[in-house]
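What follows is one structure encoded as structure tokens, with my remarks underneath.
Order of the sequence lines sets the chain letters (A, B, ...), proteins ahead of strands, with each chain counted from 1.
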Amino acid sequence: MEKSYKFKKAERLCSTAQIEELFNEHETLFKFPFKLVWRKIEKERKHPVQLSISVGKKRFRNAVDRNYMKRHIREAYRLNKHIVLDHCNGFSIDMMLIYVDTKLRSFVDIEPSMKDVLNKLAKEISNIES
RNA sequence: AGAGAAGGUCAUUCUAUCGCUGGUUACUAUAGGUAACGAGAGGAAAGUCCGGGCAGCGCAGAACGCUACACUUCGUAACUGGAAGGUAUUCGUGAGAGUAUGGUAAGGUAACAGAGAAUAACCGCCACUUAGGUGGUAAGGGUGAAAAGGCGAGGUAAGAGCUCACCAGUGUUUUAAGUGAUUAAAAUAGCUGUACCACAUGUAGGCUGCAAGACCAUGUAUAUCAGUGUUUGAGGUCUGUUCGGCCGAUACUGAGGGGUAGGUUGCUAGAGAUUGAAAGUGAUUUCAAUAGUAGAUAAAUGAUAGAAGCUCCUUUUGGAGAACAGAACCCGGCUUAUCGACUCUCUCUUUUU
């Protein structure tokens, strides 16, 4: 499978209804500094994984800092999303990634922990299937 | 050269790779496709403190109340903001900066200290009387942010604007200058504190904000209407009852109002921007030319690597740093945050000529 590093709007979780559903019925996975809320959907889609990123207003007061973290997280996901995508055969996943730390981190700090989170998720998915 | 004051300008740049959001074109052929080209973060985008546009709702008219503001002239779409100017006062050697400017007639408050904060007697001075006390006195002392214009002479028991000269201040009048606030000079009057408040007068303000508002509308349920169907006819109605007539729950089909998810619009050509010229001390205005220059919506404008310049530390290499901060309908201001760099006009100090 060819690896694509794109992250278009189709791969994002935008609809309010979808997000509400996700929070009504979800599984949680915690790996510092991320909290991952996800849900499995028994349906095949063109883009199997839809993600949304959240950085709390309480943790970062300034809009500049929130944007900075979001952009770094998005970048890290974009480069490593294939870890999860490779496991999605015949179903889809909605998920929301919440940043829970209170300090700013650079891209270099973020990328390894992003890999950890996605690997953990991939393991859980394969457990369910088997 | 150093230390400052007021105003203005800028807010690192470039390359490569991987991406994001709109736009245009082309191609698939309809999906939050694919490709190419070009665009994409501020001086405060911030606070949401004033003023306006725009939109909805409200609205005979008048008065009271509430809130804000209060010197003059100018300027503006508008303003409680801005520009220029005036007076008083505080700070600073100075360039300058801050604050205030209805408050008159009558009224209230002025901590602590101090005898006393506005019809002042603690010490002192003078007179009378003599342990004590009574009266006069604002020259001197002490307290205080502030002590009843200053200083000299006369005068007096001692003193005192009690009287006089000079000076400061206030009111009134006249003349001169200025569009005006006001300033200058002269005359004259009384003999003179300051700040704040109650209070009064004038002016302005209807309320809500683009999550305003307008439009489209899948699915689901459904008001209403039309048609069809049923040997279903609950129930209602016409009369006191029966028969009979009429309407009709329900089912299907179509129309259909409102409207959820979602989408479109509002939405970026504007009291616009840049450059130049002219008018004006200035805010600003007028004219000409130029280019087309963000529009997201769980919310784009990014990441990585390298190079150059700047600042600081080491001084050979090298190392560290770059602030405050992110559009959310759009403008004009104000306020607050801010690493630094540049520029122009001034002030003070020192050195040299």
Side-chain angles (χ1 to χ4, degrees):
Chain A
M1 182 172 170
E2 206 170 300
K3 281 178 190 173
S4 148
Y5 294 108
K6 292 188 175 178
F7 184 52
K8 292 227 162 192
K9 202 162 178 185
E11 296 181 57
R12 291 192 216 147
L13 192 60
C14 295
S15 142
T16 326
Q18 244 176 312
I19 291 168
E20 239 167 69
E21 268 179 51
L22 172 62
F23 274 105
N24 285 338
E25 181 197 337
H26 65 267
E27 298 187 47
T28 315
L29 186 148
F30 192 86
K31 174 89 186 171
F32 190 80
F34 294 112
K35 183 180 172 190
L36 185 70
V37 174
W38 65 285
R39 186 166 81 104
K40 191 174 164 188
I41 297 170
E42 301 290 348
K43 198 166 74 175
E44 223 170 323
R45 287 194 300 219
K46 190 167 180 181
H47 299 285
V49 179
Q50 289 197 339
L51 172 81
S52 132
I53 297 161
S54 167
V55 178
K57 208 171 192 175
K58 276 185 189 168
R59 299 196 166 80
F60 298 100
R61 253 190 75 236
N62 286 347
V64 174
D65 297 334
R66 285 199 298 279
N67 277 349
Y68 177 86
M69 280 320 299
K70 275 191 201 173
R71 282 165 182 164
H72 280 72
I73 293 167
R74 200 173 60 219
E75 197 69 10
Y77 173 77
R78 183 172 72 79
L79 296 175
N80 296 295
K81 63 176 179 176
H82 55 85
I83 297 174
V84 179
L85 277 177
D86 290 350
H87 286 82
C88 291
N89 298 319
F91 59 89
S92 330
I93 288 178
D94 281 353
M95 61 187 194
M96 181 171 261
L97 201 56
I98 302 167
Y99 185 74
V100 292
D101 203 358
T102 50
K103 39 173 206 205
L104 292 172
R105 281 153 193 270
S106 69
F107 176 75
V108 182
D109 281 342
I110 287 284
E111 204 179 3
S113 36
M114 175 61 74
K115 279 182 186 166
D116 286 348
V117 172
L118 296 181
N119 277 323
K120 203 169 170 184
L121 178 64
K123 210 179 279 177
E124 286 210 14
I125 290 168
S126 47
N127 280 350
I128 286 171
E129 279 198 274
S130 61

> How far apart are the C-alpha atoms of A/Leu121 and A/Met95, what are their side-chain angles, what is the distance that settles it, and do they pass the side-chain contact (heavy atoms from CB on, under 4.5 Å) test?
Replying inline: CA-CA 11 Å; A/Leu121 178 64; A/Met95 61 187 194; 3.7 Å; yes

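Nucleotides B/G86 and B/U172 have their C1' atoms positioned 22 Å apart, rounded to a whole Å. A gap of 31 Å separates the P atoms of B/G159 and B/A189, to the nearest Å. The same atom, P, is picked in B/C344 and in B/G309; the two are 26 Å apart, to the nearest Å. Using atom C1' as the reference point in both B/U260 and B/U218, the two lie 11 Å apart (nearest Å). Nucleotides B/C57 and B/U24 have their P atoms positioned 35 Å apart, rounded to a whole Å. Taking the C1' atom of each, B/G240 and B/U222 are spaced 42 Å apart, rounded to whole Å.
Between A/Leu79 and A/Met96, the residue whose closest nucleotide on RNA chain B is further toward the 5' end is A/Leu79. Positionally, the nearest nucleotide of RNA chain B for A/Lys70 lies more toward the 5' end than for the other of A/Glu75 and A/Lys70.
With B/A303, B/G32, B/A298 as the candidates, the nucleotide lying closest to the side chain of A/Gln50 is B/G32.
Taking atom CD1 on A/Ile73 and atom P on B/C20, their separation rounds to 18 Å, with Å as the unit.
In terms of polar N and O atoms assigned as donor or acceptor, the side chain of A/Arg74 never comes within less than 3.5 Å of the base of B/C20 in a complementary pairing.
Here A/Glu111 pairs with nothing under the salt bridge (Lys or Arg N to Asp or Glu O under 4.0 Å) rule; sequence neighbours left out. Shown here are the side-chain hydrogen bond (donor to acceptor under 3.5 Å, both in side chains) partners of A/Tyr99, two or more places apart in sequence or in another chain: A/Arg105. With sequence neighbours excluded, no residue satisfies ring-ring contact (aromatic ring centres under 6.0 Å, His included) with A/Phe60. Here A/Lys123 pairs with nothing under the side-chain contact (heavy atoms from CB on, under 4.5 Å) rule; sequence neighbours left out.
With a glycosidic angle no more than 90° from 0, B/G161 adopts the syn conformation.
Checked options A/Ile73, A/Val37, A/Val55; the residue passing with A/Leu97 is A/Ile73 (criterion: side-chain contact (heavy atoms from CB on, under 4.5 Å)).
Between A/Met114 atom CE and A/Leu118 atom CG the span is 6.0 Å, to the nearest 0.5 Å. Of the inter-residue distances, the one linking A/Leu51 atom CG with A/Leu36 atom CG reads 8.0 Å to the nearest 0.5 angstrom.
Heavy-atom contacts from other residues, nucleotides or ligands closer than 6.0 Å to NZ of A/Lys35 number 12 or fewer.
Pairing of B/G171, defined by two Watson-Crick or G-U wobble distances under 3.5 Å, is identified with B/U188. Summarising the base pairing, B/C18 is matched to B/G302 through a Watson-Crick or G-U wobble pair whose two defining distances lie under 3.5 Å.
Residues from residues 111-119 of chain A with heavy atoms under 4.0 angstrom of RNA chain B: there are none.
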Is there any protein nitrogen or oxygen under 3.5 Å from a nitrogen or oxygen in nucleotides 325-330 of chain B, and what are the pairs?
unit_1 : atom_1 : unit_2  : atom_2 : d
B/G326 : OP2    : A/Ala63 : N      : 3.4
B/G326 : OP2    : A/Val64 : N      : 3.4
B/G326 : O6     : A/Arg71 : NH1    : 3.4

